[in-house]
Amino acid sequence: MTVSLIVAAAANDVIGRDGGLPWHLPADLRRFRSITMGHVLVMGRRTHESILARLGHPLPGRTSVVVSHRPLAGPAASVVHADCIERAFRLAAEFSRAAGRGEYFVIGGACVYAQALPVADRIYLTRVPHEIAGDTRMPPGWLDGFVLCAQEQVAGEWPAGGFSFLDYRRVGE
């Protein structure tokens with residue numbers, strides 16, 4: 001089973017501000033949807049709540065495994081609660097196998113990313129090439145042990161020259 005992180009990060013590794021993304025990049029959102037559609041997503045409670053606040057419902061076409069010590073309020077059929085990261089990974093792997101998928105995705109937040117890094121096989125990164133103010137960031141050295149295997153420049157959406165889609169694999173994979 002492939003464990004993949006999918007994350008958008010600024011040059012200073014900021015990934016969030018005030019409970020949400022510090023930018024709006026439609027091409028990144030389209031890529032996220034395309035890559036994750038039909039897959040299982042592992043996320044923290046605050047990430048789940050930010051999705052509900054923004055969309056009014058869980059991400060369609062995907063199963064969400066939400067890591068939280070607290071039970072979820074008003075869970076949907078496509079949302080499953082896990083009380084720890086290990087259980088979340090077991091559930092994600094079970095649901096992925098049952099759906100005929102060999103990969104599931106960790107989509108945040110920072111604590112969930114940090115706990116997933118030791119077992120992650122791939123990272124799909126949208127890199128915003130600027131330092132952005134924010135209150136949530138990836139841990140130091142988070143790309144250590146990974147090698148860049150694909151990249152694509154995206155022009156036009158960011159005011160100063162676009163951003164990049166970067167795909168990493170764990171060294172030795």
Side-chain angles (χ1 to χ4, degrees), residues 1-17 19-55 57-67 78-80 82 85 88-89 91-93 95-96 99 101-129 132 134 136-139 141-154 157-158 162-171 173:
M1 183 65 54
T2 301
V3 179
S4 297
L5 276 60
I6 187 162
V7 59
N12 58 345
D13 290 330
V14 164
I15 61 171
R17 180 174 52 223
L21 295 172
W23 45 69
H24 178 71
L25 303 172
D28 176 52
L29 297 174
R30 286 190 300 274
R31 179 179 191 241
F32 177 90
R33 179 182 170 94
S34 172
I35 290 171
T36 64
M37 184 57 70
H39 288 276
V40 176
L41 309 178
V42 175
M43 67 192 80
R45 178 188 51 81
R46 287 181 289 202
T47 298
H48 174 66
E49 289 172 353
S50 74
I51 291 167
L52 294 178
R54 182 176 173 154
L55 300 178
H57 54 79
L59 292 169
R62 289 151 279 197
T63 299
S64 298
V65 179
V66 180
V67 183
S78 64
V79 178
V80 178
I85 197 72
F89 290 162
L91 289 169
F95 294 144
S96 295
R101 299 289 189 163
E103 180 177 31
Y104 65 85
F105 293 88
V106 176
I107 68 166
C111 290
V112 175
Y113 283 136
Q115 292 176 75
L117 275 167
V119 298
D121 303 296
R122 291 185 76 169
I123 298 174
Y124 297 87
L125 170 61
T126 299
R127 180 61 87 182
V128 175
I132 304 293
T136 309
R137 65 183 63 238
M138 293 300 284
W142 67 284
L143 289 172
D144 293 350
F146 290 88
V147 62
L148 182 64
C149 59
Q151 61 184 358
E152 175 188 348
Q153 287 297 122
V154 180
E157 284 195 33
W158 193 259
F163 53 93
S164 302
F165 294 143
L166 307 171
D167 294 345
Y168 289 86
R169 291 193 188 274
R170 183 164 301 281
V171 173
E173 294 286 313

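This structure is a prediction, so every number in the text was calculated from the model and none was measured.
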[atom1]-[atom2] distance between [X] and [Y], expressed to the nearest 0.5 angstrom:
X: L41; Y: T63; atom1: CG; atom2: OG1; value: 8.0 Å
X: S164; Y: D28; atom1: OG; atom2: CG; value: 11.5 Å
X: C149; Y: R170; atom1: SG; atom2: CZ; value: 13.0 Å
X: L29; Y: L21; atom1: CG; atom2: CG; value: 7.5 Å
X: M138; Y: L125; atom1: CE; atom2: CG; value: 8.5 Å

(Q) Using a 3.5 Å distance criterion without hydrogens, assess whether the side chain of R101 forms a donor-acceptor pair with backbone atoms of H39. (A)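 Side chain of R101 to backbone of H39: no pair is present.
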Q. Taking D121 for the side chain and S4 for the main chain, is one N or O donor matched with an acceptor at less than 3.5 Å?
A.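 Not at all, since once roles are kept as given, no pair shorter than 3.5 Å links the two residues.
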**Q.** L117 vs I123, side-chain contact (heavy atoms from CB on, under 4.5 Å): CA-CA, chis, key distance, verdict
**A.** CA-CA 9 Å; L117 275 167; I123 298 174; 4.2 Å; yes
Q | Pair R127 + D13, salt bridge at N-O below 4.0 Å | A |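 A salt bridge links R127 with D13.
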Q: Please determine if R31 forms a cation-pi arrangement with F165, meaning its NZ or CZ atom is less than 6.0 Å from the six-membered ring centre and no more than 45° off the ring axis.
A: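 Yes - R31 lies over the ring of F165, closer than 6.0 Å to its centre and within 45° of its axis.
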Which heavy-atom pair separates [X] from [Y] by the least distance, and what is that distance?
X: V14; Y: I132; answer: CG2-O, 3.2 Å
X: F146; Y: R122; answer: CE2-N, 4.3 Å
X: M1; Y: E103; answer: SD-N, 3.6 Å
X: P129; Y: A11; answer: C-CB, 4.0 Å
X: T47; Y: S50; answer: O-OG, 2.8 Å
X: A10; Y: W23; answer: N-CH2, 3.6 Å

Could you tell me if the side chain of [Y] sits less than 4.5 Å from the side chain of [X], heavy atoms only?
X: I107; Y: I51; value: yes
X: L25; Y: V128; value: yes
X: P58; Y: L52; value: yes
X: N12; Y: R137; value: yes

Q. Relative to the ring of Y104, is the ring of F89 parallel (under 30°), tilted (30 to 60°) or perpendicular (over 60°)?
A.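 Ring orientation of F89 relative to Y104: tilted.
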Q.
Under the ring pair (Phe, Tyr, Trp, His ring centres under 6.0 Å) test against F105, which residue among Y113, F32, F95, Y124 passes?
A.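 The single option meeting the ring pair (Phe, Tyr, Trp, His ring centres under 6.0 Å) with F105 is Y124.
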Q | Criterion side-chain contact (heavy atoms from CB on, under 4.5 Å) on R62 and R33, from CA distance to verdict | A | CA-CA 10 Å; R62 289 151 279 197; R33 179 182 170 94; 4.0 Å; yes
